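The structure appears right after this line, and notes come after that.
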There are 2 protein chains.
Amino acid sequence: MAVGKLDQIDHKLLEILQSNGKITNAQLSKEIGLSPAPTLERVKKLENTGIIESYHAQIDREKVGLGVMTFVQVTLSGHRKSITESFVKTIEAVPEIIECHHVTGSCDFLLKVIAKDIASYQTLIMETINEIEVVASTQTMVILSTFKNTKVLPIP
Amino acid sequence: MAVGKLDQIDHKLLEILQSNGKITNAQLSKEIGLSPAPTLERVKKLENTGIIESYHAQIDREKVGLGVMTFVQVTLSGHRKSITESFVKTIEAVPEIIECHHVTGSCDFLLKVIAKDIASYQTLIMETINEIEVVASTQTMVILSTFKNTKVLPIP
DNA sequence: TCTTTACACAGAATAAAATTCTGAAATCAT
DNA sequence: ATGATTTCAGAATTTTATTCTGTGTAAAGA
């Protein structure tokens, strides 16, 4: 299913479901101006074609005791495929690393990391990430505050 | 509600709901080993206390025609409160900027930005972000591939 | 132009799920 | 121990999702 096959109603559905994944079908149908049946049909189609990938609950980081979030710029010791693969494989097993992106620019990877506090973050960086053999260096950006964190992508 | 009041069952609920926000209460109750009534009670409590903030549908970026995602390191021309506030206010109105974090380190802000393609990304950077008066410089990291992007936080 | 086909839709019927209610068991503090 | 509080299971009720049927509409072909 290409984007060309998405009409205005589909766009609106995606927008609403991104910001509220638990809206009832009845309410959803009201907001887009269709009856429940075709509304559900459209949503199911978006799910089946993989345009809607999944649904997630978002939890309050601070309230569950995760006070620290950081971005870590990682530079590897080389750029051979085996080195990258080795790094990624290790990363996957670390639950505190919630994002790992291969990027262009002055570093190789950018990680998003969460931890209970600075002390446990330091332990994680020093005893887990910096201990990976292929990691040459890391540079941390601690998040002081977050001004925007929307789950709604602006569909073109 | 502090983290101390969350028992093992709450932890499991949060873990499941983070990875599958649309699970039925019946299924959820099976997975944690309670009957539907107390299961629902617990989930509602987590919602009411704000530990569960919201639910969101995740959509496939590429399938809706958003081929480019980047991180942008932004350095401002100063650090007075008014400068930061001016920047944040402008950022909030740009839908392509889906995250904006105030960070420590060599830059001031880190943005996560999405765009249709490199051309429209360039337009966004040059005509929107770099045009903000208080922005001194930007440095872009284009995401080549994403190896990890979990919505499940490891609750301590 | 007329027909044919294929969709997309609304409304009603059905199935499934959430929610509420009641009372019993377990836990806790006194 | 004892009373109070909390947590739970099972059943009843309400709400919601899902399926079904028929109608209108738009596009494709004769």
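Just so it is clear, the values below take in all heavy atoms, side chains as well, and ignore hydrogens, waters and symmetry mates. None of the values given here were measured: they were computed from a predicted structure. Chain A is the first sequence line, chain B the second, and so forth, proteins listed ahead of strands; every chain is numbered from 1.
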Under 4.0 Å between a side-chain nitrogen and a carboxylate oxygen: does that hold for A:D7 and A:R42?
yes
Across all chains, not counting sequence neighbours, the side-chain hydrogen bond (donor to acceptor under 3.5 Å, both in side chains) partners of A:T39 are none
What residues 12-27 of chain A contributes to the DNA chain C interface at heavy-atom separation below 4.0 Å is none
Worksheet item: Can you find a side-chain donor-acceptor pair between B:N130 and B:T138 that sits under 3.5 Å?
Response: yes
Whether each nucleotide of nucleotides 8-14 of chain C has a protein heavy atom under 4.0 Å at its base (B), only at its sugar-phosphate (S) or at neither (-) is summarised, 5' to 3', as -SBB---
Is it true that B:L153 and A:I125 fall in one hydrophobic cluster, defined by side-chain heavy atoms closer than 4.5 Å?
no
- Query: Under 3.5 Å, side chain of A:S77 to main-chain N/O of A:A136, donor-acceptor pair present?
  - Reply: no
Span of DNA chain D engaged by chain B, first through last nucleotide within the 4.0 Å heavy-atom cut-off, is D:dC8 to D:dG10
Across all chains, not counting sequence neighbours, the side chain to side chain contact (heavy atoms under 4.5 Å, CB included) partners of A:E53 are B:Q58, B:D60
Name each donor-acceptor pair under 3.5 Å that joins a side chain in residues 143-150 of chain A to protein atoms two or more places apart or in another chain, with its distance.
from, atom 1, to, atom 2, distance (Å)
A:T146, OG1, B:H101, ND1, 2.8
A:K148, NZ, B:I91, O, 3.3
A:K148, NZ, B:E92, O, 3.2
A:K148, NZ, B:V94, O, 2.7
A:K148, NZ, B:I97, O, 3.1
A:T150, OG1, A:V152, N, 3.0

N/O donor-acceptor pairs under 3.5 Å from side chains in residues 109-120 of chain A, not counting sequence neighbours:
from, atom 1, to, atom 2, distance (Å)
A:K112, NZ, A:E99, OE2, 3.2
A:K112, NZ, B:E99, OE1, 3.0
A:K112, NZ, B:E99, OE2, 3.4
A:D117, OD1, A:A119, N, 3.2
A:D117, OD1, A:S120, N, 2.8
A:D117, OD1, A:S120, OG, 2.9
A:S120, OG, A:K116, N, 3.4
A:S120, OG, A:D117, N, 3.1
A:S120, OG, A:D117, O, 3.1

Assess whether side-chain hydrogen bond (donor to acceptor under 3.5 Å, both in side chains) is satisfied between A:D108 and A:H79, documenting all intermediate values.
CA-CA 9 Å; A:D108 297 318; A:H79 297 93; 2.8 Å; yes
With five pairs defining each end axis, the helix from C:dT1-D:dA30 to C:dT30-D:dA1 comes out bent, to 10°, by 40°
Nucleotide N/O to protein N/O under 3.5 Å, stretch nucleotides 25-27 of chain C:
none

Residue set satisfying side-chain hydrogen bond (donor to acceptor under 3.5 Å, both in side chains) with A:E15, at least two apart, ordered chain then number -> none
- If only atom types and distance count, is the side chain of A:N48 paired as donor or acceptor with the main-chain N or O of A:K44 below 3.5 Å? yes
Separation between OG (B:S82) and NZ (B:K89), nearest 0.5 Å, reads 12.5 Å
side-chain hydrogen bond (donor to acceptor under 3.5 Å, both in side chains) filter on A:Y55, not counting sequence neighbours, yields A:E47
side-chain hydrogen bond (donor to acceptor under 3.5 Å, both in side chains) filter on B:T75, not counting sequence neighbours, yields none
*Following the transitive rule for hydrophobic clusters with a side-chain heavy-atom cut-off under 4.5 Å over Ile, Leu, Val, Met, Phe, Trp and Tyr, establish whether A:V72 and A:V68 coincide in one cluster.*
yes
